[in-house]
Amino acid sequence: MNQLTAVEAKRIDRSNPELERVSAFQKINERQTGGVVAFTLDKSAAAFNAAAAPVFTVPYAMRIIDVIVTGCATVASATVKIMKGTDEICTAIACAADGAVTHMSAGAVVANKARMVLAAGDVINAQAAGFNAANIRGIITVVCQSL
């Protein structure tokens, strides 16, 4: 993530005083007002196993707008659960075919919609499910919009 530091802002201000002043955290502030950001967990080489793996810790308020799973091994009936802590956000996402890309199908439970709204400090996890979870490999991409 590119961020404009105080030192860089001073350098820009000194290089051309006629330019508008640049605030030290302008890039961060821009991201927090509706920008879209993606977080990735790459489990293409090592399997998930059955334990939950953290994808990211939420840096500021945001909403999940999509989750994309790319399968990296062929494992019958393999799925990946995306969770806010230990609560599932959506129905399990298929991860059974090597190279197949599957998007989130928003949860069938009304509570899942509320789980897609995230607060700073929430932890988003991914966990393999289905037959032979110890062999499931894939790349998880969580796409979020800042609030």
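This one's a predicted model, so the numbers in the text were calculated from it and none came from an experiment. Counting from 1, the numbers follow the sequence of the chain as shown. Values below: all heavy atoms of this structure, side chains included; hydrogens, waters and symmetry mates excluded.
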- Connected via hydrophobic side-chain network under 4.5 Å: I68 and I139: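 Per the 4.5 Å side-chain linkage, I68 and I139 are not co-clustered.
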
- Query: Transitively linked via ILVMFWY side-chain contacts under 4.5 Å: V58 with M83?
  - Reply: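 No: no chain of side-chain contacts under 4.5 Å links V58 to M83.
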
Which pairs of donor and acceptor atoms, one on a side chain in residues 118-126, lie under 3.5 Å apart (sequence neighbours left out)?
residue: D122; atom: OD2; partner: A119; partner atom: N; Å: 2.9
residue: N125; atom: ND2; partner: G85; partner atom: O; Å: 2.9

About how many Å separate [atom2] of [Y] and [atom1] of [X], when rounded to the nearest 0.5 Å?
X: F56; Y: T40; atom1: CZ; atom2: OG1; value: 10.0 Å
X: E88; Y: T86; atom1: CD; atom2: OG1; value: 9.5 Å
X: Q145; Y: I64; atom1: CD; atom2: CD1; value: 12.5 Å

Got [X] and [Y] here, is their nearest side-chain heavy-atom distance under 4.5 Å?
X: V80; Y: I140; value: yes
X: T102; Y: C95; value: no
X: V37; Y: M62; value: yes

- Message: Would the distance check show the side chain of K43 and the main-chain N or O of C72 forming a donor-acceptor pair, the cut-off being under 3.5 Å?
- Response: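 No, the answer is negative, given that no donor and acceptor are paired below the 3.5 Å cut-off.
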
- Can you pull the salt bridge (charged side-chain N to carboxylate O under 4.0 Å, His left out) pairs that have at least one residue in residues 124-137, sequence neighbours excluded?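 Applying salt bridge (charged side-chain N to carboxylate O under 4.0 Å, His left out) to every pair that reaches into residues 124-137, excluding sequence neighbours, yields nothing.
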
- Item | Pairs where residues 62-81 contributes a residue and the test side-chain hydrogen bond (donor to acceptor under 3.5 Å, both in side chains) is met, not counting sequence neighbours |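 Counting only pairs at least two positions apart or across chains, the side-chain hydrogen bond (donor to acceptor under 3.5 Å, both in side chains) contacts touching residues 62-81 are D66-H103.
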
- Query: Looking only at heavy atoms, what is the nearest atom pair of M116 and I89, with distance?
  - Reply: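 Minimum heavy-atom separation between M116 and I89: CG-CG2, 3.4 Å.
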
- Message: If I compare all heavy atoms of T141 with all of A38, which pair ends up nearest, and what's the gap?
- Response: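 Taking T141 first and A38 second, the nearest heavy atoms are CG2-CB, 4.0 Å.
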
